[in-house]
Amino acid sequence: MGPTGPTLTAAQARRTALAAQGFADPLPRGAVTRRHLSRVLDRIALLQMDSVSVAVRAHYAPLFSRLGPYDRELLDRAAWAPPTARSPRLLAEYWAHEAALIPVRDWPLFRWRMDDYQHGRYQGGRAWSAKQHALRADIHAVIAESGPVSSGQVEDLLGMAKRVRRGTWWDRSDVKHMCEIMFAAGELSAVRRSGFFRHYDLAARVVGEEIAGREVGRDDAVTALVRRALHALGVATEADIRDYYRLPVTDTKHALQALTDAAEVDRVQVRGWGQQAYADPTRTTPRRVARSALLCPFDPLIFHRPRTERLFGFHYRIEIYVPEPKRVHGYYVFPYLLNDELVARVDLKTDRAAGVLRVLGAWAEPGLLDAGVDANTAAVSLAADLRLMADWLGVERVQVVDNGDLAPALRRVISG
């Protein structure tokens, strides 16, 4: 069947997507609270995690982009502090887009994935040895008795000799590997402690017995996740929706067909997309979006790169794994949102020892003038957001390195 439904302009699609991600919501007045955190989670549904901390860890950044400066301990408490009657756990860690913090209420929607991952994310139905089964049982027993522990602590509790590591992060012991399998299978969950290492605990103790034991069938769960993804995206192609939670192709298509047949999802066209698009029936399309934000590489607005290019005309590739001489824009580059366009990109590094947020490079997008924004206007706005980010991260100043076509204007504004 060919594309059908009403037609949106590219600009309308952009504003719809930004509104869905919370960029049209009012900024908090006063301190950011757990209620504000919940509001953002109702919008974006997940916070992707990543080990890189060169600027700020990925799961903290989307809240800053949407709420402004906030106490990062607010998020830590919502995800990893022992729950209380007055403050139940709000978030749990699981494989959603990638490793991500998801609302605890959504844990049962991933039961089908946990079942698929009973022997790990990559092992499928491969038969296990008696030794592997025994190790899994021993780890479960140790964690059940001891509470949240790292894989190294599990080794100590099991009386296992320490292995000499070769120094690479993927050089995992058998215990660590099994803990990760049990985590993927939903048998264990995790909390984070100092050093940002996973401390494993029984999933039932992390998300609660009732939620851990709740069963949702695969079809119903995928349909619910498709709804959540589309609500977070506003307007999207099937591939966009599928990528949000890394859903299987066939399951996503079946769910979308059922939802459109039931008039719970709108079929639309977006000029220039060339693909069938779908829209959340509750979406809003504001007349304008007046917001600026630094977006970390793993922000859900931009983590699906084909969608980023389709929405904003912004070609973006993270260059962490590119050898330094071959990098075009830098190691950890933040796209910069101004109103409803991505107008610049900045390579950022937080030097905590020196108290400096370093801008290692700043580039204006080639279409900047077409968006009605001159380089000086972009530099003034970006400088204000960089100062705000520096304050939030607890460093004293912003330093701009002479690298990139926007760097001179940005440095003048920062210096002035």
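Computed from a predicted model, the values in this text were never measured in an experiment.
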Checklist line | Taking every non-hydrogen atom, the tightest pair across Pro408 and Asp405 | finding: CD-O, 3.7 Å
Next item on the list: Using modelled atom types only, decide if a donor and an acceptor are shared between the side chain of Asn339 and the backbone of Glu341 within a distance under 3.5 Å.
Entry: no
Note to self: Looking at every heavy atom in both Gly22 and Arg291, which two are closest together, and how far apart are they?
What the structure shows: O-NH1, 4.1 Å
Check: Ion pair present between Lys176 and Glu155, side-chain N to carboxylate O less than 4.0 angstrom?
Finding: no
Notebook entry, point to check: Do the non-hydrogen side-chain atoms of Leu301 and Gln21 ever get within less than 4.5 Å of each other?
Noted result: yes
Item checked: Pi-cation contact, Trp95 with Arg121 (under 6.0 Å, within 45°) -> yes
Notebook entry, point to check: Would Arg113 count as a cation-pi partner of Phe110, with NZ or CZ less than 6.0 Å from the six-membered ring centre and within 45° of the ring normal?
Noted result: no
Next item on the list: Using distance alone, with no hydrogens and no angle criterion, decide if Ser87 and Arg34 have a side-chain donor and acceptor under 3.5 Å apart.
Entry: yes
Next item on the list: Give the C-alpha distance, both sets of side-chain angles, the deciding distance and a yes or no for side chain to side chain contact (heavy atoms under 4.5 Å, CB included) between Val56 and Leu393.
Entry: CA-CA 8 Å; Val56 61; Leu393 294 175; 3.8 Å; yes
Next item on the list: Consider only side-chain N and O atoms of His140 and Glu187, and report whether a donor and an acceptor are under 3.5 Å apart.
Entry: yes
Notebook entry, point to check: Just by distance, with hydrogens left out, do His231 and Asp280 show a side-chain donor and acceptor under 3.5 Å apart?
Noted result: yes
Notebook entry, point to check: Under 6.0 Å from the six-membered ring centre of Phe312 and within 45° of its axis: does the NZ or CZ of Arg307 meet both?
Noted result: no
Margin query: Using the rule given for side-chain hydrogen bond (donor to acceptor under 3.5 Å, both in side chains), can you reason through Arg242 versus Thr237, listing the C-alpha separation, both sets of side-chain angles and the distance that settles it, and then say yes or no?
Written below: CA-CA 9 Å; Arg242 175 168 25 100; Thr237 66; over 6 Å; no
Item checked: Parallel, tilted or perpendicular: rings of Tyr70 and Trp392 (30°, 60°) -> tilted
Next item on the list: Answer yes or no for Arg310 and Trp273: cation-pi contact, defined as NZ/CZ to six-membered ring centre under 6.0 Å and angle to ring axis within 45°.
Entry: yes
Next item on the list: Give a yes or no on whether the ring-centroid distance for Phe196 and His59 is below 6.0 angstrom.
Entry: yes
Check: Does the Arg283 side chain pair with the main chain of Ala17, one donor and one acceptor, at a distance under 3.5 Å?
Finding: no
Check: For Tyr245, is the NZ or CZ atom of Arg228 found under 6.0 angstrom from the centre of its six-membered ring and inside 45 degrees of the ring axis?
Finding: no
Notebook entry, point to check: Is it true that a side-chain atom of Asp243 and a backbone atom of Arg246 form a donor plus acceptor pair closer than 3.5 Å?
Noted result: no
Margin query: For the CG atom of Leu230 and the CD atom of Glu238, what is their distance to the nearest 0.5 Å?
Written below: 12.0 Å
Next item on the list: Check whether any side-chain N or O of Ser150 sits under 3.5 Å from a backbone N or O of His199 as a donor-acceptor pair, and report yes or no.
Entry: no
Next item on the list: Would you tell me whether Asp347 and Tyr332 have side-chain atoms, one donor and one acceptor, within less than 3.5 Å of each other?
Entry: no
Next item on the list: Determine the interplanar angle of the Phe303 and Tyr244 rings, folded into 0 to 90°, and report it as parallel if under 30°, tilted if 30 to 60°, perpendicular if over 60°.
Entry: tilted
Check: Can you check side-chain hydrogen bond (donor to acceptor under 3.5 Å, both in side chains) on Arg411 and Gln399, steps first, answer last?
Finding: CA-CA 8 Å; Arg411 189 172 58 253; Gln399 180 187 70; over 6 Å; no
Checklist line | Side-chain H-bond candidate by donor/acceptor type, Gln12 with Arg271, under 3.5 Å | finding: no
Margin query: Please evaluate residues Asp220 and Thr223 with respect to the criterion side-chain hydrogen bond (donor to acceptor under 3.5 Å, both in side chains), reporting the C-alpha separation (whole Å), side-chain torsions for both, the decisive distance (0.1 Å), and the verdict.
Written below: CA-CA 5 Å; Asp220 289 341; Thr223 299; 5.5 Å; no
Notebook entry, point to check: Ignoring hydrogens and geometry, is there a side-chain-to-backbone donor-acceptor pair from Glu309 to Pro306 under 3.5 Å?
Noted result: no
Next item on the list: Run the salt-bridge test on Asp261 and Arg267 with the 4.0 Å N-O cut-off and return the result as yes or no.
Entry: no
Margin query: How long is the straight-line distance from CH2 of Trp80 back to OG of Ser189, given to the nearest 0.5 Å?
Written below: 10.5 Å
Notebook entry, point to check: Judged by atom type as modelled, is there a donor-acceptor pair below 3.5 Å linking the side chain of Arg14 to the main-chain atoms of Asp340?
Noted result: yes
Next item on the list: Taking the six-membered ring of Phe197 (Phe, Tyr or Trp), confirm whether the NZ or CZ of Arg192 is under 6.0 Å from its centre and within 45° of its axis.
Entry: no
Notebook entry, point to check: Just how far is it from atom CG of Leu41 to atom CZ of Arg105, taken to the nearest 0.5 Å?
Noted result: 7.5 Å
Notebook entry, point to check: What distance separates Leu101 CG from Asp106 CG, expressed to the nearest 0.5 Å?
Noted result: 12.5 Å
Check: Rounded to the nearest 0.5 Å, what separation is found between the CG atom of Leu338 and the CD atom of Glu365?
Finding: 12.5 Å
Notebook entry, point to check: Arg89 side chain to Ala78 main-chain N or O, any donor-acceptor pair under 3.5 Å?
Noted result: no
